[in-house]
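The structure under discussion appears below in the form of structure tokens.
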Amino acid sequence: KAGVTQTPRYLIKTRGQQVTLSCSPISGHRSVSWYQQTPGQGLQFLFEYFSETQRNKGNFPGRFSGRQFSNSRSEMNVSTLELGDSALYLCASSPPGSEQFFGPGTRLTVL
Amino acid sequence: KNEVEQSPQNLTAQEGEFITINCSYSVGISALHWLQQHPGGGIVSLFMLSSGKKKHGRLIATINIQEKHSSLHITASHPRDSAVYICAVRSRSGSARQLTFGSGTQLTVLP
């Protein structure tokens, strides 16, 4: 089975712009979670989707949003980018009640 | 106080040494995960535990639910084990599927 894929792998944006990141889960996995990793804050949970519904949301401002499509692929969007949004954004998929499988991440740099 | 505390933060060992990384948490959990992150960002799930002990190759993970403590052991360590090891817990209450992460342990194994 192919693993979790994320696109793009690297992205450079400027302050005020918006960005959309994409995640394709492992085939058959209906749960997709997103995480942000920064040197200062470590790994933090952003949100989780299951069957096109957001099940949980972490403590992030409304500029961070996401969605999941009927084929379980997920996107997250960050609007009005700030310098502090520079981070590695990780997506993970899982079958019910099981461990998560992480993608390689998208490294976002905001200038 | 963070919900998940890991120790040590940094660990340097000689090849062949037995290594222990500790994780303490303060909330009731449904599961605890041990993750491995190599330079470049990719994260691999090593174990998911809710009780007892699990073993995979040279890696052993244990959890004591009463004491809210888990340990990750590496036997016969090897330079390829050099990575960041991260403990994460899934709370039993509130946002039940949300993972909360420790700050990670940077392990360096010298040849």
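Proteins get letters first, then strands, A, B, ... in listed order; numbering begins at 1 in each. Both backbone and side-chain heavy atoms feed into the values below; hydrogens, waters and symmetry mates do not.
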Does a sphere of radius 6.0 Å around CZ in A:Arg15 hold more than 12 heavy atoms from other residues, nucleotides or ligands, not counting ones at 6.0 Å or beyond?
->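 Atom CZ in A:Arg15 is not packed in, count stays at 12 or less.
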
Is the number of heavy atoms from other residues, nucleotides or ligands within 6.0 Å of CG (A:Asn59) greater than 12?
->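 No, not enclosed.
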
Any idea which heavy atoms bring A:Phe102 and B:Ile43 closest together, and the distance?
->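 Minimum heavy-atom separation between A:Phe102 and B:Ile43: CB-O, 3.4 Å.
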
Check A:Glu99 against B:Ser45 and note the closest heavy-atom contact, atom names and distance.
->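 Smallest heavy-atom distance, with atoms named: OE1-OG, 2.9 Å.
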
Between B:Leu46 and B:Val109, is there a shared hydrophobic cluster once you connect ILVMFWY residues whose side-chain heavy atoms come closer than 4.5 Å?
->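 Yes; tracing contacts between hydrophobic side chains, which count when under 4.5 Å, links both residues.
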
Are A:Val32 and A:Leu43 grouped together when hydrophobic residues (ILVMFWY) are joined by side-chain heavy atoms under 4.5 angstrom apart?
->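 Looking at the clustering, A:Leu43 is in a separate group from A:Val32.
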
Of the backbone (N, CA, C, O) and the side chain (C-beta and beyond), which part of A:Gln37 lies under 4.5 Å from a heavy atom of chain B, both, or neither?
->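 The answer is the side chain of A:Gln37.
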
A:Leu88 portion near chain B, given a 4.5 angstrom heavy-atom threshold =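 Side chain of A:Leu88 only, per the 4.5 Å heavy-atom cut-off to chain B.
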
